[in-house]
Amino acid sequence: MFIPNRIIFEKDSLTYDMSKRILERFKDRNNIEIIYLSSNRYIQHIPGDDLYTMYREGKKTLIVGIKKGMKFQTCKPSAHYQLPLISGCMGQCEYCYLNTMLGDRPFIKVNANTDDILEQSRRYINERLPDITIFEGAATSDPVPVEPYTNSLEKAILFFGDNKYSRFRFVTKYTDVDTLLNLDHNGHTEIRFSLNTPTIIEQYEHSTSALKKRIEASIKVSKAGYPTGYLIAPVFIYDKWKEEYRDLLSEINNILPKNLKYPITFEVISHRYTTIAKNRIMQIFPESTLEMREEDRKFKFGQFGYGKYLYPPESLNEIKQFFKKEIEEIFEHKDIKYII
Ligand code: SF4
């Protein structure tokens, strides 16, 4: 669970139940600063004069606000829309794709008006009838470590569970799923767990849940009947990478129940980076050992006009062949969504 150093309540947010719940839970803790805003200018309350400090202070800040504009971002190709319940994440993964998206102080913001957001999603669903509309709950966040006090996922799962023309999905590196296990989800919510090898987690995924705990949480949700999947990302090539990724897949399979209703899904993404991301990473993690040498990579223009450095084609091919073969051999009831 995310325990912030400071909580900032936006103007008018305390009229919502979620905000009251959060205040009640944390108000008597001496080491948590509570700030009530009379305007919505919160940046001055997050300390730091340099990117290194601002990043770390931002990651310790929880903002409780209200989602105002109700136009949802699209979320192709995995879903139709992003569901804007939460933005930001308590994790400090060095390679995180959010490092260049959330500003210099990457705070965690929870929107207290969940009901309004879900009502807006109903409008989007109705516009697309009779087609099914898919919402992604983790496009710019990891919503799980704040779930114990937001209950946002719970509300969303119940809402989409009750609507046969919708589906919901989110991905996490955390384990606060107990309150989700007994909900009437109707198989409409897919929960994916982002995993990596112990070597990669230890070096690069700071402030995330331990691998074993993530796997245990995934077993719990699969037993609770949720469609369950694994996002293996980012895949790195290093000494013994094949051995360690194979061990990871076997470890999952060894404890996964065998009679699941839905196939276990796999999404595998090899490591890639942009120049902007590399520069940012070197500012906030100056000691980083992330391998980002342009001469070892292949530059490729992406769909949004900027380029990324990927592993060269022969390495990418090796990654694809390796994961395809291993997943096919190790798992019985599975669905490989993509390996890129
Ligand atoms: Fe980014 Fe996910 Fe790590 Fe959070 S847990 S910092 S969203 S990679």
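- At distances below 3.5 Å, not a single donor-acceptor pair connects side-chain atoms of Lys298 with backbone N or O atoms of Pro313.
- At least one donor-acceptor pair under 3.5 Å links the side chain of Tyr204 to the backbone N or O of Thr289.
- Taking 4.0 Å as the cut-off between side-chain N and carboxylate O, Glu136 and Arg192 count as a salt-bridged pair.
- In this structure a side-chain-to-backbone donor-acceptor pair under 3.5 Å is present from His188 to Asn163.
- Under 3.5 Å, the side chains of Thr175 and Lys213 contain no donor-acceptor pair of N or O atoms.
- Considering all non-hydrogen atoms of both residues, Ser194 and Lys173 come closest at OG-NZ, 3.1 Å.
- Listed for the Lys59 side chain is a donor-acceptor partner under 3.5 Å among the backbone atoms of Cys89.
- Between the side chains of Ser288 and Tyr95, no donor-acceptor pair of N or O atoms lies under 3.5 Å.
- Residue Tyr52 places its OH atom among 12 or fewer non-hydrogen atoms of other residues, nucleotides or ligands, all under 6.0 Å distant.
- Put simply, CD1 on Ile255 and CD1 on Ile252 are 8.5 Å apart, with the number rounded to the nearest 0.5 Å.
- A donor-acceptor pair shorter than 3.5 Å cannot be found between the side chains of Asn253 and Ser250.
- For Thr100 and Arg280, the side-chain atoms include no donor-acceptor pair closer than 3.5 Å.
- Checked against the 6.0 Å centroid threshold, Tyr311 and Tyr309 do not count as a close aromatic pair.
- At most 12 heavy atoms of other shown residues, nucleotides or ligands fall within 6.0 angstrom of atom CG in Asp239.
- Atom NZ of Lys261 has 12 or fewer neighbouring heavy atoms from other residues, nucleotides or ligands inside a 6.0 Å radius.
- Between Glu205 and Arg214, at least one side-chain N (NZ, or NE/NH1/NH2) sits under 4.0 Å from a carboxylate O, which counts as a salt bridge.
- A distance of 10.5 Å separates CD1 in Ile319 from CD1 in Ile340, rounded to the nearest 0.5 Å.
- Between the side chains of Arg167 and His80, no donor-acceptor pair is found at a separation under 3.5 Å.
- Note that the CG atom of Leu118 and the CG atom of Leu158 stand 10.0 Å from one another [nearest 0.5 Å].
- Atom NZ of Lys68 has more than 12 heavy atoms from other residues, nucleotides or ligands within 6.0 Å.
- Salt-bridge formation is not detected for the pair Glu267/Lys337: no Lys NZ or Arg NE/NH1/NH2 atom is positioned less than 4.0 Å from an Asp or Glu carboxylate oxygen.
- Residue Lys300 places its NZ atom among 12 or fewer non-hydrogen atoms of other residues, nucleotides or ligands, all under 6.0 Å distant.
- A 6.0 Å sphere centred on CG of Asp50 holds more than 12 heavy atoms belonging to other residues, nucleotides or ligands.
- More than 12 heavy-atom neighbours from other residues, nucleotides or ligands sit within 6.0 angstrom of CG on Asn279.
- Side chains of Thr179 and Glu154: a donor-acceptor N/O pair is absent below 3.5 angstrom, by distance only.
- Taking both residues in full, the closest heavy atoms of Tyr238 and Phe236 are given as CD2-O, 3.5 Å, listed atom of the first, atom of the second, then distance.
- No salt bridge links Glu328 with Lys325; every basic N to acidic carboxylate O contact stays at or beyond 4.0 Å.
- Cation-pi check for Arg56 over Phe285 is met; the charged atom lies under 6.0 angstrom from the ring centroid and within 45 degrees of its normal.
- Atom CD1 of Ile237 is separated from atom OG of Ser315 by 4.0 Å, given to the nearest 0.5 angstrom.
- Leu195 contributes atom CG, which lies 6.5 Å from atom OG of Ser218 (distance to the nearest 0.5 angstrom).
- Note on ring orientation: taking the six-membered ring where Trp is involved, the planes of Phe107 and Tyr42 are perpendicular (angle over 60°, cut-offs 30° and 60°).
- Checking side-chain atoms of Asp142 against main-chain N and O of Val144 turns up a donor-acceptor pair under 3.5 Å.
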Report task. Evaluate the criterion side chain to side chain contact (heavy atoms under 4.5 Å, CB included) for residue pair Val235 and Phe323; output intermediate values, then yes/no. Result -> CA-CA 10 Å; Val235 170; Phe323 277 98; 3.8 Å; yes

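- The side-chain contact (heavy atoms from CB on, under 4.5 Å) test with Ile22 singles out one residue from Ile34, Leu62, Val146, Asp17, and that residue is Leu62.
- For the pair Arg169 and Ser78, the tightest heavy-atom approach, listed with the atom from each and the gap, is NH1-CB, 3.2 Å.
- Using a cut-off of 4.0 Å between Lys/Arg side-chain N and Asp/Glu carboxylate O, Glu291 and Arg293 are scored as salt-bridged.
- Note: Ser207 OG to Phe2 CZ = 9.5 Å, rounded to the nearest 0.5 Å.
- A salt bridge does not link Glu326 to Lys242: none of the charged nitrogens lies less than 4.0 Å from a carboxylate oxygen.
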Report task. Please step through salt bridge (charged side-chain N to carboxylate O under 4.0 Å, His left out) for the pair Arg21 and Glu24, ending with a clear verdict. Result -> CA-CA 5 Å; Arg21 221 168 29 241; Glu24 198 50 43; over 6 Å; no

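- A donor and an acceptor atom, one from each side chain of Gln92 and Tyr55, are nowhere located under 3.5 Å apart.
- When atom types are taken as modelled, the side chain of Arg272 and the backbone of Ser270 share a donor-acceptor pair closer than 3.5 angstrom.
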Requested in this report: Could you give me the CA-CA distance, side-chain angles and deciding distance for Tyr174 and Glu147, then say whether side chain to side chain donor-acceptor pair (under 3.5 Å) is met?
Outcome: CA-CA 10 Å; Tyr174 294 89; Glu147 178 62 15; over 6 Å; no

Query raised in the report: Where do His45 and Arg105 land on the side chain to side chain donor-acceptor pair (under 3.5 Å) test, with the steps shown first?
Result: CA-CA 11 Å; His45 297 283; Arg105 297 170 168 87; over 6 Å; no

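- When each of Tyr226, Phe160, Phe159, Phe168 is tested with His185 by the rule ring pair (Phe, Tyr, Trp, His ring centres under 6.0 Å), just one qualifies, namely Tyr226.
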Requested in this report: Using the side chain to side chain donor-acceptor pair (under 3.5 Å) rule, take Tyr262 and Ser222 through it: C-alpha gap first, then chi angles, then the decisive distance, then the call.
Outcome: CA-CA 9 Å; Tyr262 303 99; Ser222 70; over 6 Å; no

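- Ring orientation note: the planes of Trp241 and Tyr245 are nearly perpendicular, at an angle over 60° on the 30°/60° scale.
- A side-chain donor-acceptor contact under 3.5 Å links Thr265 and Glu190.
- Not counting sequence neighbours, the partners of Met70 by the side-chain contact (heavy atoms from CB on, under 4.5 Å) test are Lys67, Phe72, Asn113, Asp116, Ile117, Gln120.
- For the 3.5 Å distance criterion, the side chains of Arg123 and Ser121 fail to qualify, holding no donor opposite an acceptor.
- Annotation: ring-ring contact (aromatic ring centres under 6.0 Å, His included) contacts of Tyr230 (sequence neighbours excluded): Phe266.
- Closest of all the heavy-atom pairs between Val64 and Ser19 is CG1-OG, 3.5 Å.
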Report task. Kindly indicate, with the supporting measurements, whether the criterion ring-ring contact (aromatic ring centres under 6.0 Å, His included) is fulfilled by Tyr149 and Phe26. Result -> CA-CA 10 Å; Tyr149 43 83; Phe26 293 113; 5.1 Å; yes

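- Panel note: side chain Ser141, backbone Ala138; no donor-acceptor pair is recorded below 3.5 Å.
- The two residues Val177 and Ala217 come nearest to each other via the heavy atoms CG2-CB, 4.0 Å.
- Around the CD atom of Glu332, the shell of radius 6.0 Å holds no more than 12 heavy atoms that belong to other residues, nucleotides or ligands.
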